[in-house]
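Single-structure report; data block below.
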Amino acid sequence: MAEAPEDGATRTLPSLRRLSRALPFGRTHGRLGVSPSGRPFVSALCSQEDVDPQKTAFLLRKAWALYSVTPLYRLRRARLRDYARLLSAFIAAERHRGLAVEVGAELDIRVELSSLAELRGSELDQAALLVQLSSRSQGSSKNSEDKLVWWGCFCSVFGDELSENTPEDFTSLPLFLSHGADRYTALVGTWFQKTFDCCFRRLAISPQNLSWMVAMWAGCKLDRAASAVELVFSVPRLAQPLDISYAIHPEDAKALWDTVQKTPGEITQKEVDVFMDCLYAHFHRHFKIHLSAAKLVKVSTVVASAHCDGIVKILHSQYLPGVLMLLTELAISQIQ
C-alpha cells in the first residue's frame, strides 16, 4: 500500500472503483477542535463503566492503521457467519489468483466476524464490528489452534451526528482500525467495498490534530508511573532527513496544561496554541531551535501515541473511549 500523504490528505485502497451511495453526508461542525461557532471542544477522555475491559483488551498496545469508512449498505448482523464464509473464500481466491474456491470449504485462512456492543459511545452508535483472520499452518492437525494474523475493527464512538443523518439500510461505522499485514487490509477492504458499497480512505493526522492530542493526553492523570511525553518533529527542506525528539517529564507537562486550561473537561484552540507555544519557547531557550518551523509528525504519552501517517497505539484502557471518540471525529470529518 502507498505511503500516507501529508496533512490529512486522503488515499484509497487499491480496489476502490466508486463512491458509496451514502455520500455526501453533511456536518454541522468542523474538524477536531475547530468549531465554526467558536464553542470549545468537550473532551470525553474518561472511562465508561459499562465497557468490559476484557472484551476490548485486543485494542491495547497494538499499532493500528486508521481509515475512514462511509456507511455500509445493507449490512445485516444476522448474516455475519455467511459474510465470514464469503470473505474467507474471496481471500483464498485472490491468494490463488483466480482459481475456483468453494464457499465453506476448509481453507488456510479462517475469517470470524462478530459484533462488539461494548465498543460504542452512546445509544445512537452502532455496535462495533470485529473482523479476525486466523491462519492454520500446513501439516498441522485439525485440532490445533489457529494463529490470529490480522485484526480489523469498524466502530463509532460518539459519532452521533453521522448516525442521525444516515439513511435507513445504511450502517454507520466511520472509523476502521487494522492491525496486521497490508495485503490482508487491502483484501478485506476490497471485499467490504464491493459487498456493502462503501468507501475506505486512509486517515492521516495533521500536525494541528496531533497538537490537540498531546495537549489533551498530557493533562490526563494516571495512578501508575507515567512515561515521558514525547513530540517528534521533522525538519523540512534538508538534503538528509532530520527528526528532532522533544521529551517532557509527564508531571511537568501536566502542570503546564493545568495552568493553561481554564475549564476542566473543555478545550479550546487558544489553549492548545498556548500550550504548544510554551513548549516551543522552552525548547528555543535551551537549544536555540524554532520548533514552530518544523513539522510535528508524532506524539507519545502514557494514554496513546499517534503518527501523522495515521498509525495509533492506545496504551491505557481507562481512556480507550476518549481516544476512539477523537479518532471517530477525525474519520467523520473526512466523509464529505
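Reckoned from all heavy atoms, side chains included, excluding hydrogens, waters and symmetry mates.
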When you measure from the side chain of [X] to the backbone N and O of [Y], does any donor-acceptor pair fall under 3.5 Å?
| X | Y | answer |
| --- | --- | --- |
| Ser333 | Leu330 | yes |
| His249 | Glu251 | yes |
| Asn209 | Ile205 | no |
| His179 | Ala63 | yes |
| Thr70 | Phe200 | no |
| Asp125 | Phe158 | yes |

- Message: Check for me whether the distance between the ring centres of Tyr246 and Phe283 falls short of 6.0 Å.
- Response: yes
- Message: Ring centroids only, cut at 6.0 angstrom: are Trp64 and Phe176 within range, meaning strictly under it?
- Response: no
- Query: Is the NZ or CZ atom of Lys62 both under 6.0 Å from the centre of the six-membered ring of Trp151 and within 45° of that ring's axis?
  - Reply: yes
Nearest heavy-atom neighbours spanning [X] and [Y]:
| X | Y | result |
| --- | --- | --- |
| Ala306 | Met213 | CB-SD, 3.9 Å |
| Leu87 | Phe192 | CD2-CE1, 4.3 Å |
| Phe233 | Ala294 | CB-CB, 3.9 Å |
| Phe275 | Ala218 | CZ-CB, 4.1 Å |
| Ser156 | Ser163 | OG-OG, 4.5 Å |

Donor + acceptor pair across side chains of [X], [Y] (<3.5 Å):
| X | Y | result |
| --- | --- | --- |
| Thr185 | Asp182 | no |
| Trp150 | Ser178 | no |
| Trp212 | Gln269 | yes |
| Ser68 | Gln334 | yes |
| Ser245 | Glu230 | yes |

- In a check of side-chain contact (heavy atoms from CB on, under 4.5 Å) between Phe154 and each of Leu175, Leu75, Leu116, Val131, which one passes? Val131
- Query: Is the shortest side-chain N to carboxylate O distance from Asp273 to Lys270 below 4.0 Å?
  - Reply: no
- Message: For a side chain to side chain contact (heavy atoms under 4.5 Å, CB included) check, start with the C-alpha distance between Val149 and Ser134, then their side-chain angles and the critical distance, and finish with the verdict.
- Response: CA-CA 6 Å; Val149 295; Ser134 302; over 6 Å; no
- Is the number of heavy atoms from other residues, nucleotides or ligands under 6.0 Å of Arg81 CZ greater than 12? no
- Message: Atom NZ of residue position Lys298 - does it have more than 12 heavy atoms of other residues, nucleotides or ligands inside 6.0 Å?
- Response: no
